[in-house]
Structure formats: structure tokens, C-alpha cells
Amino acid sequence: MTPEQALDTLRAQGDAERAEGSARYHKVDRVYLGVPNPVLNDLAKDWRQVMDVPGRVALASALWASDIHEARILAAKLLTQARLRPDDEAWRLICSWVPTFDAWAVADHACMAGQRRIMADLSRLDEVESWTTSDHLWTKRAALVITLPLAHLNFPKPEQADARARVLDWAAGYVPDPQWFIQKAVAWWIRELSKHDAGAAQGFLDSHGAAMKPFARKEAGKYLP
């Protein structure tokens, strides 16, 4: 599968009316083809089954470089897999995308691919921690989105519990940041944590909730008593 063949396949699945709607919704100046997410899911699944990891990484890199909305989402989906060996090149590619994030939808799909790589190797949190001090909104936000699986663990192993505590420290450092997407990311992390460790989520809100924006505090505590 060459990049040209992949893009031709995407264009053949496009819909002009849907593309116009997507452009209005996402409000980012790039090409939209109007390919529905279920189609992207099917393409990613089919291509993952027939391509080796280096081939997928190369194709994902080319699709991302096209700067087409659906191609970027498909690039992320090609690398969204729990067991991916070797995965160093995939991780490096995902990290290279982070400074180019400019909207939540594409960023979240890329972070979903990165989430698997984080959980496969928690030492990668060292690199993610450097994102927390970035002046780039989407890089800073990505540090919380890419670590969300740590909030979903019911019975974390010791190293996972340590990693969760580390990310909670990052989230606490984000609380003074008034940007809506940052506040939303903190709320998202704590809300998800509350489903699996209500005590830890409540403890965070007891310590930091008063400094959060009201909408974020309400969202973070949505599932708490």
C-alpha cells in the first residue's frame, strides 16, 4: 500500500457535503474529504492485518504529512494497537506529531495511539513530562490525554500507581491555567479516575477543586457522591 494508493482510497470514500460540514465543525484550515469514521476504522483494521509494523509506520507518516483531516486520523488509527512490536519508531512518530496538533479531534486520535505505547513502556512518561511546560496549548493538553489509561486502572500495579500519582501532580500544576481546553483536560482525567478510584479523585478535588473553573470542577465530580 503506497501513500498515493491510500489517499486515492480515501478520496473515493469522500462525500462533499459531509466534508463541508466537517470543515465548519472543526474550524481548522485543512482539506476535508468527508469520510465517515466507521469507514476509517474499517480501512485501518484491514491495513493493519496485511502490513508489517515498519510499513504501517511509513504509511502513517506519509498520511499525516498530507495534512488531510481524515488521512491524519487514519494515520493514528494505523498505530492504535496494544501489541505493537517493535514500537520505538511508532512512538517516535507519534511524538513528532504532537507539536503539530492544532485541534482536539486529530490530537485525540493521535493520543489514543500513544496511550498504548505509554502503557507498554511507562518510562516514556519522562518524555511526556516535558510537554507539561510547553507554551503550545495542544502539547500541554496531550500530556493528560495520552496518559488517560492510567486513570482507568482498577487495580494498578505499584509502578502504575506511581505513574498515576505522577500524572495527578501534572494535573495539579495545570489547575491555575485558565485555558478552557486545559481545564477540560484536567476535568476529564479526574472524572475518569473517579470511576475507578473515587477516593483519589475526591482527594484531588478536595485539594484543588476550589481553584478550578466551575465548569471543570463540576465535570470532574460528575460521578462522585
Side-chain angles (χ1 to χ4, degrees), residues 53 56-57 60-61 64 75-102 104 106-177 179 181-205 207-208 211-212 216 219-220:
V53 173
R56 276 190 274 156
V57 171
S61 179
W64 189 274
K77 289 180 180 292
L78 283 172
L79 303 181
T80 304
Q81 183 176 340
R83 297 192 179 192
L84 191 69
R85 291 290 185 269
D87 73 344
D88 285 343
E89 290 304 313
W91 172 245
R92 293 259 47 87
L93 180 60
I94 293 164
C95 289
S96 76
W97 292 342
V98 174
T100 70
F101 289 170
D102 54 11
W104 66 267
V106 172
D108 286 2
H109 279 92
C111 284
M112 287 174 64
Q115 288 170 3
R116 275 69 170 182
R117 310 282 53 84
I118 290 287
M119 298 308 291
D121 184 353
L122 290 174
S123 72
R124 288 168 174 156
L125 289 177
D126 292 343
E127 180 163 5
V128 176
E129 185 164 14
S130 70
W131 305 352
T132 65
T133 57
S134 175
D135 292 330
H136 180 230
L137 164 66
W138 300 103
T139 295
K140 189 173 182 180
R141 175 182 179 270
L144 293 188
V145 180
I146 207 168
T147 54
L148 268 172
L150 290 168
H152 295 155
L153 299 171
N154 289 318
F155 305 104
K157 298 175 182 178
E159 63 271 21
Q160 295 170 334
D162 289 345
R164 175 187 281 178
R166 185 178 184 181
V167 177
L168 283 172
D169 283 343
W170 302 348
Y174 281 17
V175 167
D177 191 322
Q179 296 182 92
F181 275 107
I182 296 299
Q183 290 282 315
K184 182 70 173 179
V186 173
W188 186 6
W189 220 97
I190 302 305
R191 183 195 69 201
E192 293 304 298
L193 177 63
S194 73
K195 300 175 187 177
H196 306 275
D197 189 341
Q202 187 62 62
F204 183 93
L205 289 177
S207 297
H208 307 288
M212 294 170 68
E219 179 68 14

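Contact of the Arg92 side chain with the Val57 side chain is not registered, since no non-hydrogen atoms from C-beta on lie closer than 4.5 Å. Using a 4.5 Å cut-off on side-chain heavy atoms (C-beta onward), Ile190 and Leu168 make contact. The closest side-chain heavy-atom distance from Ile118 to Trp91 is below 4.5 Å. Taking 4.5 Å as the limit, some side-chain heavy atom of Cys95 sits within range of a side-chain heavy atom of Trp131. Taking the side chain as every heavy atom from C-beta outward, Trp188 and Val145 approach each other to under 4.5 Å. Residues Arg83 and Arg116 fail the side-chain proximity criterion, which asks for heavy atoms closer than 4.5 Å. Within the 4.5 Å cutoff, the side chain of Tyr174 has heavy atoms near those of the Thr132 side chain. Within the 4.5 Å cutoff, the side chain of Leu150 has heavy atoms near those of the Leu122 side chain.
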| field | CA sep, side-chain torsions, deciding dist, call: Asp177, Lys140, salt bridge (charged side-chain N to carboxylate O under 4.0 Å, His left out) | value | CA-CA 11 Å; Asp177 191 322; Lys140 189 173 182 180; 2.7 Å; yes
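No option in Trp138, Trp104, Phe101 other than Trp138 meets the ring pair (Phe, Tyr, Trp, His ring centres under 6.0 Å) test with Phe181.
The number of heavy-atom neighbours closer than 6.0 Å to CZ of Arg85, taken from other residues, nucleotides and ligands shown, is above 12. Residue Glu89 qualifies as open at atom CD: its count of foreign heavy atoms under 6.0 Å is 12 or below.
Using a 4.0 Å cut-off between charged nitrogen and carboxylate oxygen, Arg164 and Asp169 do not count as a salt-bridge pair. A salt bridge links Asp87 with Arg124; the closest basic N to acidic carboxylate O contact falls under 4.0 Å. Salt bridge present: Asp126 and Arg166 bring a charged side-chain N and a carboxylate O closer than 4.0 Å.
Separating the OG1 atom in Thr80 from the CZ atom in Arg56 is a distance of 10.0 Å, to the nearest 0.5 Å. Going from atom CD of Gln202 over to atom CG of Asp197 covers 11.5 Å, rounded to the nearest 0.5 Å. Residue Met119 holds its CE atom at 9.5 Å from OG1 of Thr147, rounded to the nearest 0.5 Å.
For the 3.5 Å distance criterion, the side chains of Ser96 and Trp64 fail to qualify, holding no donor opposite an acceptor. With hydrogens and angles left out, the side-chain atoms of Gln179 and Arg141 include no donor and acceptor closer than 3.5 Å.
Gln183 places a side-chain N or O within donor-acceptor distance of the main-chain N or O of Val175, the cut-off being under 3.5 Å.
The heavy-atom pair separating Ala171 from Val186 by the smallest distance is O-CG2, 3.9 Å. When all heavy atoms of Pro156 and Ala161 are compared, the pair lying nearest together is CB-N, 3.9 Å. When every heavy atom of Ala216 is checked against every heavy atom of Ala187, the shortest pair comes out as O-CB, 3.3 Å. Residues Ala110 and Ile94 approach most closely at O-CG2, 3.9 Å, considering heavy atoms.
Ring pair His152/His196 is tilted by interplanar angle, where 30° to 60° counts as tilted.
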